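Notes follow once the structure below has been shown.
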Amino acid sequence: MRRFLAIRFLQALVALLAITLIVFGLTHLTGSPVDALLPDDASQAQIESLIRHWGLDRPLHEQYLAFLGNALQGDLGVSLKWRGYTAMEVVLQRLPATLKLGGLSVLLSIVVAIPLGVVAARHRGTMVDKSANVVALLGQSLPQFWLGIMLIWIFAVGLGWFPTSGQGGLPHMILPAIAMASFQVAALARLTRSAMLDSLRSEYVKLARLKGVPEYRIVWKHALRNAAIVPLTYFGLLAGSLLTGSVVIESVFSWPGTGLLSIEAIRGRDYPVVQAVVILFAVVFLLINYVVDALYALVDPRIRRA
Amino acid sequence: QAAGKVVLALDPPTADTNLFWNGTGERLPCFQALVGHDPITGKYNNSELAEEWSANEEFTEWTFRLKKNAEFHFGWGRVTAADVVHSYELTTGPDSTINSIEHLRAASVEALDDHTVVFRFETARTDYAFQHAGRGSMVVYSKAQFDKEGVDGYVSKPAGTAAYQYVERQPGAGVTFERVPDHWQGAVPDFEMLELRWIPEPATKLALLLAGEAHISDLPREIQADALAAGKAIVKSKNPAMSTGAIFNGMYGKTGDPAYRADLPWSDIRVREAMNRALNREEMIEILYGGRGEPVPSWLMDSRNEGYVPELKERFEGMYGYDPERARELLADAGYPDAFPDPTIPIVSSVLSGNPEFGTMAELLQVYFEAVGLQTEIREMDWATLGNLGRSREAYLISPVRNAPIRPTEAALVNFHTVRGTRYGGYESDMSEGLADKLEQTINPQERSRIAQEAFTYLFEQYADMPLAAVFAELTVDPTVVKDWTFPGVSTNSVSHYHLIAAAE
Amino acid sequence: MKLSRLRRYPLLPIAVLLAILFIPALFAEWLAPHDPYQSHLRNRLQPPVFWGGTWDFVLGTDRLGRCVLSRIMHGAQYALAISAVGIFVGAAIGTLLGLVAGYARGWTDIVVMRLVDISLALPSILLALAFAAAWGPSFEAVIIVVAFVLWAYFARQIRAEVLSIRERDFVARARVAGGSHARIVLLHILPNVVNTVVVMATLQVGVVILLEAALSFLGIGVPRPTPAWGLLVADGRWLVVSAWWISFFPGVAILLAVLSVNLLGDWLRDRLDPELIEV
Amino acid sequence: METADVADLLEARRLRKHFGRVAAVDGLDFSLKRGRTLAVVGESGCGKTTTAKLILRLEQPSSGQVLVDGEDVHTLHGGALRRFRMRVQAVFQDPWSSLNPRKRVRSLVAEPLIVNERLGRKEVDRRVDRVLRDVGMRPEQARNFPHEFSGGQRQRIAIASALISNPALIILDEPVSALDVSIRAQIMNLFKDLQREYEVGYLLVAHDLGTTRYMADDIAVMYLGQIVEYAPSEDLFERPRHPYTQALLSATLPAHPDETKEEIVLPGEVPSPLDPPSGCRFNPRCPAKLGPICERTTPAVRDGGARGHTVACHLYPE
Amino acid sequence: MTRPSRSTPLEETRGASASGELLLEVRDLRTHLDTKNGLVRAVDGVSFRLHSGETLGIIGESGSGKSMTVLSMLQVVPKPAARIVGGEVLYRGQNLLEKNEREMRRIRGREIAMILQDPQTSLNPVFTIGNQIVEALRLHRRDGGGKALVHRAVEALRQVRIAAPEERIRSYPHEMSGGMKQRAVGALAISCGPRIIVADEPTTSLDVTIQAQYLRLLRDLQRETGLAILFITHDFGIVAKLCRHLLVMYAGRVVEAGPVRAVFNNPAHPYTRALLGSVVRADTKAERLEAIAGQPPALWGLPSGCRFAPRCPHADDRCRKEYPPQLRVRDEASDHVASCWRLEESHGNR
Ligand SMILES: Nc1ncnc2c1ncn2[C@@H]1O[C@H](COP(=O)(O)OP(=O)(O)OP(=O)(O)O)[C@@H](O)[C@H]1O
Ligand SMILES: Nc1ncnc2c1ncn2[C@@H]1O[C@H](COP(=O)(O)OP(=O)(O)OP(=O)(O)O)[C@@H](O)[C@H]1O
Ligand SMILES: [Mg+2]
Ligand SMILES: [Mg+2]
């Protein structure tokens, strides 16, 4: 187990290194930040002095190595757009907002999806199952940004129940979290359902029945504990979709998180921030997957020893 | 009278920073420059830090005398000439990204005494006051704060001199200010707090406004109607804030320029005229600006600046008027499309903060062009990519532009019609270069005016661009919170004079 | 035709898909009442017929006076083309790598799986943003992003399946018979994962349509004035209050198309591959 | 034995296979003559399947050799390898997993021919027809897919495919244990008939001695990767020498309620191959354990009395 | 064989508890299944009796309805596909089929416990052995607190000869070998002190030597507790070794039933006979096995006649048309019955 985690950790590091390379390459393909930041009437001299100032005139591999060296020390450069802050600062400042929103939406999806999936599996083939399936599918078919706009219009503008956008307390988070969760709820519910179906068909559930265990305990304890492994592994992937979803949702709701930040950073060719965002996303993603691996072992004792 | 907080939902700025010289010239409400603007006429006045200013005969020396009682926020003391010199050095440093920084640079700067600063130049600088006024101007930071806290001090809590002082910034989210107690100018803004909130999504802005979470917003004109229907109101800049149009890029026509391409369709003046004649400007103004825009004969020329040629207005209908029939004839005459190896007209569709209409304008251009038989193609690109093309002199395309706000004639001509104006590849020729050079070297006002007039007339006759309209900066406000806002429309992002935001009863 | 036989097929989704996606995509030229690019500037922002509009523009017009219905119909072509090409490329790459990784195991497997990790760890939208910033938004860029996002899912799933299939005795038998590795992979293993690939591909159509829409929403999808569905929604989104039909109907088209494709995918999965657990 | 002078069809020499720390097969020696059957018997995990795979060249041995017709199987390539593939075939345990569900019976059966020989369509069809008839199926069933058949029929298809290239040796890895009782006899009879007809040698892998008695000429009893006793079938059943063989025999179920038999119930479980006991690997469970010698010394292979009967146990003098 | 026997001959056990109390009587039990191929009469009129201390073997091929019979008894048939459509299950005089779910829960595990075929899958992988046993105890034997329950679970493990039960109780299923797991399942079954244990092919997945251990364990347990065992198998060897009575099932029906020895000595139904003939024997070398022709039948759309008729060498028209009644076989055992039209003739052939 420890060895397994150690190997996974090393692999994650290698992946991360490759990601820095890709990110570095991509950002430098996207054009010079000078163009984004200098005004219409900047002169050639002004441009050149800025290029030198930011070290953009050095060969790419040198820039990459310098970047990597600094990155190892946690220094991803200063933001070109949010002057006065380092790229890391800018991103870290915004990360909590994204994590909060993502966390809430994950929570929301779990709270809705797991029971939905369990109930659907329990009542397989009935109307309950079919309606749950339609609800789930609907969630998977709605364009998130569209749902976001609709939610704003109905619940914030029309009914005035929630604020429309921006950062704030729980009320600010509810609509974006719902919009964000819509897709995951669907995915999770359907996964839970199919895992539960397998679980409910299993011999140990049969044996539990033969032991005289009441039905609710069979469903919620015996079967779910086993079925939980499948949605749990899905969580790793979910992390990715959360981060991606955050870009869309945050821009609809002007939620000042990393998603919104990344759009602005790319539009502004703020390399250091783009790099920091992507690398941080990757780290978060790899970390979550790493934790999921560990959790997996917790939930499933079979893995613990392997 | 004392209202609470006013929230402005605005497009995120290009650079989101307290360090003015690292931005593009968008000024935070807590800062002041040397030269002020009249809130109504937009003319220079002494409402900010300089009491008065003057230039010598040759326009090689500009002297500014500071107000003696001007005071920095947070107890950083009085404003002195040393602060101005310090700010000048910061602003023109190597990492400066600010607008027109070359125009600000001087041969030397000197504090003559505590309240007098002189800028000296090697050549004549007739427009130097502009560099210290609303647009592209230099704001004044406290040297005392810098000496004590360095740049970090500016990042965390910069001291300015305006009626609002800095509270906090959330990078990418917004900035908050509060009313200065006992402001040195005695200004008492209606609102206790002022929050600028960056909202990229227009629909979200509208929602914020309707939900009462924001009180002022720079909504795109297309959805202003929705806000009006919901009881919101519009406040406008007191003067047209920008002039819009579309330009022919890639006309690198100065003799010997290797980038010049004679085979571009719009290298042919007949095609340029045809394209101009294809446009139904009245309809465009209706669609783009809800009819609230003044047609202009030349998008760089403005009655408030040098070189205004009133006749161009009369000649406009005859030369530029909507006439698809004539356009078709001209095209046939030019042998379009067969005479051109690549007859497709690429039109840039881009997103520029503060100009939500550019995308629609590109589509409209396409509609009109195709109606007269031009072949078109829309290219989506962001501002940086376009700039990059311009800089590498490969911008062979048509792009919507704005001149926002109106800039001095000399700078405008240099920017768009000479090789030195690097960002755009607008119409360039020996003639335009020559006129711009001449203008730069001339200090006599009458002479300057004549040269400028000649330049505008020349460009007009060459169909050097596709002028559209002069439009006002329009903000949608919540009339239950904001009664009015008087601002002249002269700053980079059009708005200024935050202390004049008037609260509703 | 026997009705009872018909009932075994998911008729509603198929009907919706035909009506929304396939027929318009193939026959939009003939079916659409107007040219989707043609502006009728005098008829700007006309409401749909049941909202006070005219029969000329059944679903109303957009801010340039273009026929919303015609644009949606033509948009189906893009939805279909992007899904088809993007998924094909992604599935082909992913399946191939999955096959190789699962069959060869060892180093090949490790390398491919790390690539999968990397691909999954890179946020797709950011990638697309970077692409678009570098080369400008284009049909090709969208395809590349779609393929890049999808291949890893295919590779993962196929590899997992190949790992178990290669342990089945028929693979051993094929080797005993003397088949080369290539023959075994292509003739024996591949046919056994084809169902999975088909089911996954079907289920991904919805994902791709949504991704394309999201990219367009962010301004990095196919360029204007292409009537791609996502772009149509994005274009009308400011006007949801006064001219809701501009973005509402494309939104509905996306919703219905994705919903039907998903229903169809579900049905296919139940028929072809009851064991596949994929979302 | 009367066939002693015939060259060995199959021979294993000090065959060894390690998976990491697991010694799945740990030094096997055995041989098989043409047209005869050698059964390898032992409990789950003792290395039977690994042995089969080594012979089939599906796994590479860690050391030792497998000789078929005197040639080292693992050094073959090109035409020799193709000839080997024709001569050695296999039938696996699970008829459900051993037929590719996406292929028709014809191509399943014809696979060895198609891969190794260039034959016309007609000729292939003719041979498929013939071999299907031989295993008791109708030729027209060649068009069907595996899922249309029951377990017994599937196993017949697998057998047909193994026979089509006229092999000299077929490896049978528990070929009937997944089948229903009523079907097993059919299939075992079929194997017998085919052996007579095709003169093919079988290497039969099984976990229970009972089923092998009917089929095998020689039996090798394996325990934890090693052969503990090796003898002609009848001799082994009449005079089992190794305590493990004796226990296995006693564990075979009676054929009649009145049948009484000495019952040796072995204590404990089969030890993990990850951590095999030292000395004689059977010593922790052995009812006849002599003492420390069993724990310390690996017993050498000794003569088991009758001809060709060997046993690895300290009970017997060298 | 020269070595002395180390165990009690089976004979003794078999005779010891010959005349126990009648615990269970199943009469004409019928269970139908809706499958996509149509209606399956998985259990089609099965009757038998079980006394305390007795072992009854049910033998039959895969799919003949053995499991479904016992699952129907306990009403845990797969829902919604399966329906119990008729019959009576009298447990100590009470008809279980008339009981509701809550009452049944008190029967399951407490009165009638079950051991399933595959220990690999029948233990819940995510709970410890102890947890799983204690859960059953908590449901049925509330007397005593948590400690007492754990203690009792340890005792149960000890009873099935698991070494160091105090530690084993904390093990997860994957930490045990197959044989140990199956013994743990046994411990689970006996932990609540049931009167009947239904063992559904408990040794199929075990190694031969482990199977021998397990069979012996069951027999010892029975002797210690006087349990009745219903043993499902498809192996005549196990029946010969373990059971006193025998039920032969074919396609959902009992084709022959009687005392084990009587059936072995005098198999009356052609199917039983053929099965016995096809058993490979370790004690003598057979020249040729007697094989049953054809394949086991599919259970949907069965013919109205004898279900074995298509494979039966003696079948005639009547066999194919009409299902035969159950007849007493004429031999020394009074309760030896078989369902065959040609009982007399075919039997006589032997
Ligand atoms: N590919 C492999 N990697 C690692 N260990 C293996 C591998 N194949 C087999 N083993 C191990 O080698 C040992 C022998 O396995 P093998 O499959 O040969 O046993 P077997 O006698 O055929 O058992 P069974 O009767 O269960 O089929 C076992 O401990 C098994 O776990
Ligand atoms: N869940 C189910 N759904 C549909 N049919 C089923 C189900 N369970 C069992 N059957 C059918 O019911 C019949 C009887 O099955 P049962 O499990 O009782 O057989 P069995 O004699 O126990 O077989 P085995 O020896 O394989 O365990 C079979 O034909 C089987 O196909
Ligand atoms: Mg094996
Ligand atoms: Mg069963």
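Letters A, B, ... are given to chains in the order of the sequence lines, protein chains preceding strands, and every chain is numbered from 1. The shown structure was predicted, so the numbers you read here are calculated from the model rather than taken from an experiment.
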If one checks every heavy atom of D:L266 against chain E at 4.5 Å, the contacting part turns out to be both

What part of E:I238 is in contact with chain D, defined as an atom under 4.5 angstrom from a non-hydrogen atom: side chain, backbone, both or neither?
both

Can you say whether E:L206 sits under 4.5 Å from chain D via the side chain, the backbone, both, or neither, judging by heavy atoms?
neither

Here the gap from D:C294 atom SG to D:L315 atom CG, rounded to the nearest 0.5 Å, amounts to 7.0 Å

Which atoms of E:R161 approach chain D - backbone, side chain, both or neither, heavy atom under 4.5 Å
neither

Should the ring pair E:H174 and E:Y172 be called parallel, tilted or perpendicular, given that the plane angle runs from 0 to 90° and is split at 30 and 60?
parallel

Under a 4.5 Å heavy-atom cutoff, which of D:D193, D:T252, D:I187 has the most pairs with chain E?
D:D193

Mind telling me whether E:H269 and E:Y271 have parallel, tilted or perpendicular rings, with 30° and 60° as the class edges?
perpendicular

To the nearest 0.5 Å, atom SG of E:C243 lies from atom CZ of E:F231 at 7.0 Å

From E:D200 CG over to E:T69 OG1, what is the distance, rounded to the nearest 0.5 angstrom?
10.0 Å

Who wins among D:A185, D:A247, D:G45 for the most heavy-atom pairs under 4.5 Å with chain E?
D:A185

Does D:K192 reach the side chain of D:Y214, with side-chain heavy atoms less than 4.5 Å apart?
yes

Has D:R213 got its NZ or CZ under 6.0 Å from the middle of the six-membered ring of D:F237, at an angle within 45 degrees of the ring axis?
yes

Quick check on D:R285 against chain E: is it the side chain, the backbone, both or neither that has a heavy atom closer than 4.5 Å?
side chain

Contact part of D:N189 toward chain E, heavy-atom cut-off under 4.5 Å: side chain, backbone, both or neither?
both

Have a look at E:H234 and tell me which of E:E61, E:K66, E:E201 forms a side chain to side chain donor-acceptor pair (under 3.5 Å) with it.
E:E201

Looking only at E:G179, E:A293, E:S62, most heavy-atom pairs under 4.5 Å shared with chain D are made by E:S62

One should read off an interatomic distance between E:Q182 CD and E:M180 CE, to the nearest 0.5 angstrom, of 13.0 Å

For the pair E:Y214 and E:R183, evaluate side chain to side chain contact (heavy atoms under 4.5 Å, CB included) and give the outcome as yes or no after the intermediate values.
CA-CA 7 Å; E:Y214 197 78; E:R183 273 182 279 156; 3.8 Å; yes

Under a 4.5 Å heavy-atom cut-off, does chain E meet the side chain of D:S150, its backbone, both or neither?
side chain

Neighbours of chain E found in residues 220-228 of chain D - heavy atoms under 4.5 Å
none

Under the side chain to side chain donor-acceptor pair (under 3.5 Å) test, which residues partner E:T272, sequence neighbours left out?
E:E256

Sub-4.5 Å side-chain heavy-atom contact between E:V260 and E:V239:
yes

Okay, E:A274 and chain D: the region with an atom under 4.5 Å from a heavy atom over there is neither

If you count heavy-atom pairs under 4.5 Å between each of E:I292, E:D235, E:L275 and chain D, which one has the most?
E:I292

